[in-house]
There are 2 protein chains.
Amino acid sequence: MRTETVENYLKTIYNLSSDNTAVVTNQKLADKLNINPASVTEALRKLHELKYVVYEKSYGTRLTATGAKMAIDMVRRHRIWETYLAKELGFGWDEVHEIAEELEHVKNDKLINKLAELMGNPSFDPHGDPIPDAKGKFQKNKFVNLSEGKIKGAYKIMGVSDHSPVFLKYLEKHQLIIGAEVQVKNIEEVDGSLVVLCNKKEVIVSPKVAGNIIVAVK
Amino acid sequence: MRTETVENYLKTIYNLSSDNTAVVTNQKLADKLNINPASVTEALRKLHELKYVVYEKSYGTRLTATGAKMAIDMVRRHRIWETYLAKELGFGWDEVHEIAEELEHVKNDKLINKLAELMGNPSFDPHGDPIPDAKGKFQKNKFVNLSEGKIKGAYKIMGVSDHSPVFLKYLEKHQLIIGAEVQVKNIEEVDGSLVVLCNKKEVIVSPKVAGNIIVAVK
DNA sequence: ATTATCTTTTAGGCATGCCAAAATTAATAA
DNA sequence: TTATTAATTTTGGCATGCCTAAAAGATAAT
Ligand SMILES: [Mn+2]
Ligand SMILES: [Mn+2]
Ligand SMILES: [Mn+2]
Ligand SMILES: [Mn+2]
C-alpha cells in the first residue's frame, strides 16, 4: 500500500543514501522522521515485504528499483511544489519545505506536470537541489562545498544542504543566497572561519555554515 | 483533534444541512462519505465529545458554532483550490473536485489566502458555488432551479448542484456551462423535459438534468 | 577476551478509523 | 394497535502506525 507513511519512508531513505546505493541505518531514519527506532524496525519489515526496500536485520536498508522509482517521484513532487510556492506564490525559501511536505502527497501526476510545465520545467528547486523530470532523470551537478574554498577563490552559490528556516533566514540576512557570487578573502587560523566578500560586504562564515553552502568554482 | 477525518465529517455535515441548522441523518452521512453507518455513529460520538457537533442519538446531528466555523473553513479551502485548478492550471470543471478533496487538507491559511488573492478573491467556484471569504462570510445568492423554468422564460446558468464528472461532461457537451444564456422553448407534456435554446441550438433537457442546473431569471 | 556502550529488535500496548453481524429503536403499513 | 421494514447502535474485530521498556546484538575500549 502506498500510504503517506510509505511515501515518507521511501523519500527519506532516498535522501539519506545520497550516493545512490548506500545503506541507511535505522537510527538515521528514526532521527529524520522523528520516530522511535522500534517503529522504524517495524516499518522496514513491511517495506521489505512490499519489495520497496531490501532490509537486512541489524545491518541496514537500501531501496529496490521499485522503491527508488517511488522515492524519486516523491522528490520530484516535493521540489516542484517548493519551486512553485517560491516562484509563483512568493513564499520565502525558508517557508516552502514545510508546506511541500504536505502537498507532495497529493496523488495527481497531471497536477505536478502542469505546475512544472507552467514554470518551464525547472531543473533546480529554491534550495538548489535538482528536480528529476517526469521520467525520473536528473541533471547531475558537480559542485563543491564552500568549506573547501581557498583564499582568493571566487565561487557562486548554487545550493544549500541545510533546509531549516533558521539557517535559511540567516543566509538571507547576509545575502548569501542562490546565485550570489562570493570571494574568499581570508581563512581564520583560529577556527577555520571564512572571511568572504559578498555583495561588496565582508561576511564571516563559520565552518558549520560554510559546510552547508554548495558552490560552483568560478 | 483536527484530523483529515474530522475535517471531512464537518464539511460533509455542513454540505448536507444546506439550510443552515437542519439536522443531518447518519444514513446520509454514511452515503456521502462512503462509510459504514456503524462507523458514522462512532465518529459522531467523538465529534460530539469534541464539541464540534450536537449529536442526539437516533435523531440526528448539527454543527456547533465551532464546528460550523471549521466546516466553512474547509468549504473555503475546497472551493479556492477548485477555482485555482480550473482558472490558473486549466483543469476542467469535471476534474477539479477530486483533486481539491486532497488539497483542502493542507494546513496553511497563508497558502489559501495567497491563492485567493492571486485570483482577485473570487466569490464563486467553477460549479457556481459561493466561496466564503477569510472571515467565513459568503455572498448569498438567490437563484432558482432550471426545472422551475417556464415556457418562453430566459435564464442564465449560474451553477450546478451535481458535481460528478459524468454530469459535468454532459453539460459541457451541450454548452450548458456557467454563464450560458438559455431560453425555454417548450416543456414536453410526456416527461416534463425542457426544450431550451442555448447558443442558437436546441437542446432537450431532462427533468433530472434540469433539476441540477441553477439559474438566474433574466 | 571482557566489559561498557550504543544500536536494533522484541514484546506488549494504545489510539484512530474502519467493518460485519447482531440487537435495538423508530417509522410505516396493515 | 400490531406487524413489518428501515435506520441506528452495540459488540467484537481488524489494520495501520505509533510508543515504552526490556532483551539481544554489534562495536569499541581496556
Ligand atoms: Mn511527506
Ligand atoms: Mn528543496
Ligand atoms: Mn476531504
Ligand atoms: Mn465546487
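Protein chains get the first letters and strands the later ones, always in sequence-line order, with residue 1 at the start of each.
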_Just N and O in the side chain of B:Tyr55: are any of them under 4.0 Å from OP1 or OP2 of D:dT8?_
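No.
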
*asked:* Please confirm whether the shortest side-chain N or O distance from B:Arg45 to OP1 or OP2 of D:dT9 is below 4.0 Å.
replied: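 So the side chain of B:Arg45 is outside the cut-off, no N or O lying under 4.0 Å from OP1 or OP2 of D:dT9.
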
_Check: A:Glu148 main-chain N/O paired with A:Asn145 side-chain donor or acceptor under 3.5 Å_ =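 It does not hold such a pair.
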
*Give a yes or no on whether the backbone of B:Glu104 and the side-chain of B:His78 come within a donor-acceptor separation of less than 3.5 Å.*
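Looks like no, no N/O pair under 3.5 Å.
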
N/O-N/O pairs, protein side and nucleotides 23-26 of chain C side, under 3.5 Å:
none

Pick out the pairs of N or O atoms, protein on one side and nucleotides 3-7 of chain D on the other, that lie under 3.5 Å.
{"unit_1": "D:dA7", "atom_1": "OP1", "unit_2": "B:Gln27", "atom_2": "OE1", "d": "2.9"}
{"unit_1": "D:dA7", "atom_1": "OP2", "unit_2": "B:Gln27", "atom_2": "OE1", "d": "3.4"}
{"unit_1": "D:dA7", "atom_1": "O5'", "unit_2": "B:Gln27", "atom_2": "OE1", "d": "3.0"}

*Non-neighbouring partners of B:Thr5 that pass side-chain hydrogen bond (donor to acceptor under 3.5 Å, both in side chains), sequence neighbours left out*: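 B:Thr5 satisfies side-chain hydrogen bond (donor to acceptor under 3.5 Å, both in side chains) with no residue once adjacent residues are dropped.
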
With a 3.5 Å cut-off and sequence neighbours excluded, list the donor-acceptor pairs that the side chains of residues 119-129 of chain B form with protein atoms.
{"unit_1": "B:Ser123", "atom_1": "OG", "unit_2": "B:Gln139", "atom_2": "OE1", "d": "2.9"}
{"unit_1": "B:Asp125", "atom_1": "OD1", "unit_2": "B:His127", "atom_2": "N", "d": "2.7"}
{"unit_1": "B:Asp125", "atom_1": "OD1", "unit_2": "B:Gly128", "atom_2": "N", "d": "3.1"}
{"unit_1": "B:Asp125", "atom_1": "OD1", "unit_2": "B:Asp129", "atom_2": "N", "d": "3.0"}
{"unit_1": "B:His127", "atom_1": "ND1", "unit_2": "B:Glu82", "atom_2": "OE1", "d": "3.1"}
{"unit_1": "B:His127", "atom_1": "NE2", "unit_2": "B:Trp93", "atom_2": "O", "d": "2.9"}
{"unit_1": "B:Asp129", "atom_1": "OD2", "unit_2": "B:His163", "atom_2": "NE2", "d": "3.1"}

*Cation-pi geometry met for B:Lys140 and B:Phe138 (6.0 Å, 45°)*: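 Checked: cation-pi criterion met.
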
Does a side-chain N-to-carboxylate-O contact under 4.0 Å join [X] and [Y]?
X        : Y        : result
B:Glu101 : B:Lys11  : yes
B:Arg76  : B:Asp109 : no
A:Arg77  : A:Asp73  : yes

Flag if over 12 foreign heavy atoms under 6.0 Å of [atom1], [X]:
X        : atom1 : result
B:Lys28  : NZ    : no
A:Glu102 : CD    : yes
B:Ile151 : CD1   : yes

*Candidates B:Asp94, B:Asn212, B:Val209 - the one meeting side-chain contact (heavy atoms from CB on, under 4.5 Å) with B:Leu171*: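 Only match with B:Leu171 under side-chain contact (heavy atoms from CB on, under 4.5 Å): B:Val209.
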
*From B:Thr25, B:Asn26, B:Thr61, residue fulfilling side-chain contact (heavy atoms from CB on, under 4.5 Å) relative to B:Val40*: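 Option passing the side-chain contact (heavy atoms from CB on, under 4.5 Å) with B:Val40: B:Asn26.
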
*Where does DNA chain D pair, written as one dot-bracket string 5' to 3', with Watson-Crick or G-U pairs under 3.5 Å, ( ) inside the strand, [ ] for crossing pairs and | for another strand?*
||||||||||||||||||||||||||||||

*Spell out protein contact along nucleotides 13-22 of chain D as letters: B when the base is contacted, S when just the sugar-phosphate is, - when no protein heavy atom is under 4.0 Å; keep the 5' to 3' order.*
----SBBB--

